[in-house]
Every structure is written in structure tokens, then in C-alpha cells.
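Below you'll find the structure, written out as C-alpha cells, and then a few comments.
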Amino acid sequence: MSNQPRHIAIIMDGNGRWAEARGKNRTHGHEKGAETVREITAYCAQNSEIERLTLYAFSTENWKRPKIEVEFLMKLLEKYLKNELSTYLEGNIRFEPIGDLSIFSSSLRKTIEQVRSETSGCTGLVQSLALNYGGRDEIVRAANRLIAQNAPVTVESLEKVLDTSENVDLLIRTGGDHRLSNFMMWQSAYAELFFTDTLWPDFNGDELAKIIKKFKTVERRFGGLN
Ligand code: IPE
Ligand code: IPE
Ligand code: MG
């Protein structure tokens, strides 16, 4: 039987370069990138093999960027969630944020919580946005939860207190770089990694379909022998 792309995770990289190549401000690339998020989410929602789509939207390291870009990204995120609420509901898509949300403004946190709770009954695709997310930060926060509970540290107990225990099947990075940039370090332990030079604003359902086709032919052994 071929591999099921049950959980796809994407490092959405290349927005800034996409805009710069057109002589535009980096923020223009982020706006275009938000349209790709909409398209790829719709593609995955229509493909019943895909149960979960996790998108890296803002890392714990992205605060190092100029204030003006960070502020733009926060506003774009809030606008996106508000505009897309009806799309989530119509598409039966459940929104699940991961990452440390405590740092965001109260207005943004309220919007994130509203979309999360209003879509919590949706039974189709789970679209998980990684917001102020870092794999190391997630593992440290999880370890501290176990310490607070005075619980033993095991793979199973730690998994329960991570932001998500869902293993990634297929991890894609757009934008040409071959690195994880602190994304889903625990959950990607046995993910199949795919890298494409396509910049995120140019990525689309056709390219995702090609990657999934290739993914299905890979022999996944999980340390065993086939
Ligand atoms: C990814 O695109 C989006 C975020 C990190 C928020 P970039 O903004 O990193 O675009 P490049 O990599 O500079 O082209
Ligand atoms: C990774 O992209 C983070 C997101 C896509 C949100 P970056 O552009 O921040 O990664 P580096 O700095 O090239 O590793
Ligand atoms: Mg980048």
C-alpha cells in the first residue's frame, strides 16, 4: 500500500525574495503568500487523504526582523483569520494554532481564540498554524509542564504535553533552502522531507500534487526492514 499523506507540514519560505524580485517591498510578498495559504488549505480540504496541514507562519526567531515587518505580519495574520472564518466554516476546516501565543497582543489572541473555538466542531481538515512557534521552545515548554506535574519523562508523557503530538508524514520547504529552521523537531522525526526552489507565493496545488505523488512511492521503514 502506498504512503498516506495524512499530516503535511510546510515551511512557507520565500515571500520576501518573491517581492524583491519584482522591485516591491517584502510585505507585498507576505500578502501574496497569504493567498497561497488559502489555495493550499482549500486543496488539502478537498483531498480526503489529508487530515492535517501544519503551516509555519511565524517562528520564535522571526522577532529578529525589523519592527515594521513584524508588525505587518501580525496585522496580516489578524486580517487573514477574520476574513477566512467563513471559509473555515464552509469548508468544515478546524483551525488549531500551535506555538506560544502568550506573547501576542490581546486583540490578536482574541481573534485566534475566536477562530479556534468557532471551528472546533468542524470535522474535515485540521489547519494548524504555527505562530510564535519554535521546536525547541515547544519541547522546553512541554518539559516544564511535566516538571510542574511532577510526572516522569517518557516519550509518551512528553508527547502528551507538546503543542501537538501529531507525527508529520510529509514535510515540505519552499524557497530553496535545505533546513528545518526550528520547525516540528519532535514531530518530524520520521517525516519524509521535500525541498523545492519555488518561492511560497508561486507554490500551488499542482506542485503539491506532484510532491504527494512522489511521496507515495517512497519506502518508509521507521528503522525496520521491509
Ligand atoms: C517566509 O518568507 C515567511 C515568514 C518567515 C514570515 P520570508 O519572509 O522568510 O521570505 P524570504 O526567505 O526572505 O524570501
Ligand atoms: C522559516 O523561515 C520560518 C517561517 C517560514 C515562518 P525563515 O526565513 O525565518 O528561516 P531562515 O531564517 O531562512 O532559517
Ligand atoms: Mg525566509
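Because only heavy atoms are used, hydrogens play no part in the values below, and waters and symmetry mates are left out as well, while side chains stay in.
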Between [X] and [Y], a side-chain donor and acceptor under 3.5 Å:
X	Y	value
His30	Glu69	yes
Thr36	Asn204	no
Arg173	Ser181	yes
Ser157	Thr154	yes

Among all residues two or more places apart in sequence or in another chain, which pass the salt bridge (charged side-chain N to carboxylate O under 4.0 Å, His left out) test with [X]?
X	value
Glu49	Lys216
Arg17	Asp13
Glu35	none
Lys110	none

Value rounded to 0.5 Å, distance of OG1 in Thr87 from CG in Leu81: 11.0 Å
Say you draw a straight line from CH2 of Trp186 to CD1 of Ile139; how long is it, rounded to the nearest 0.5 Å? 6.5 Å
Salt bridge check, [Y] against [X]: does any charged N sit closer than 4.0 Å to a carboxylate O?
X	Y	result
Asp137	Arg141	yes
Lys214	Glu192	no
Arg22	Glu20	no
Asp202	Lys32	no
Lys67	Glu71	yes
Glu78	Lys75	no

Closest approach of Leu125 to Ala45 (non-hydrogen atoms, all atoms of both residues): CD2-N, 3.8 Å
Is the Tyr133 ring parallel, tilted or perpendicular to the Tyr56 ring (thresholds 30°, 60°)? perpendicular
With sequence neighbours left out, the residues meeting side chain to side chain donor-acceptor pair (under 3.5 Å) with Tyr80 are none
Pick one: which of Ile40, Leu208, Leu193, Thr198 meets side-chain contact (heavy atoms from CB on, under 4.5 Å) with Ile172? Leu208
Can you list every salt bridge (Lys or Arg N to Asp or Glu O under 4.0 Å) pair that touches residues 175-189, not counting sequence neighbours? Asp177-Arg179
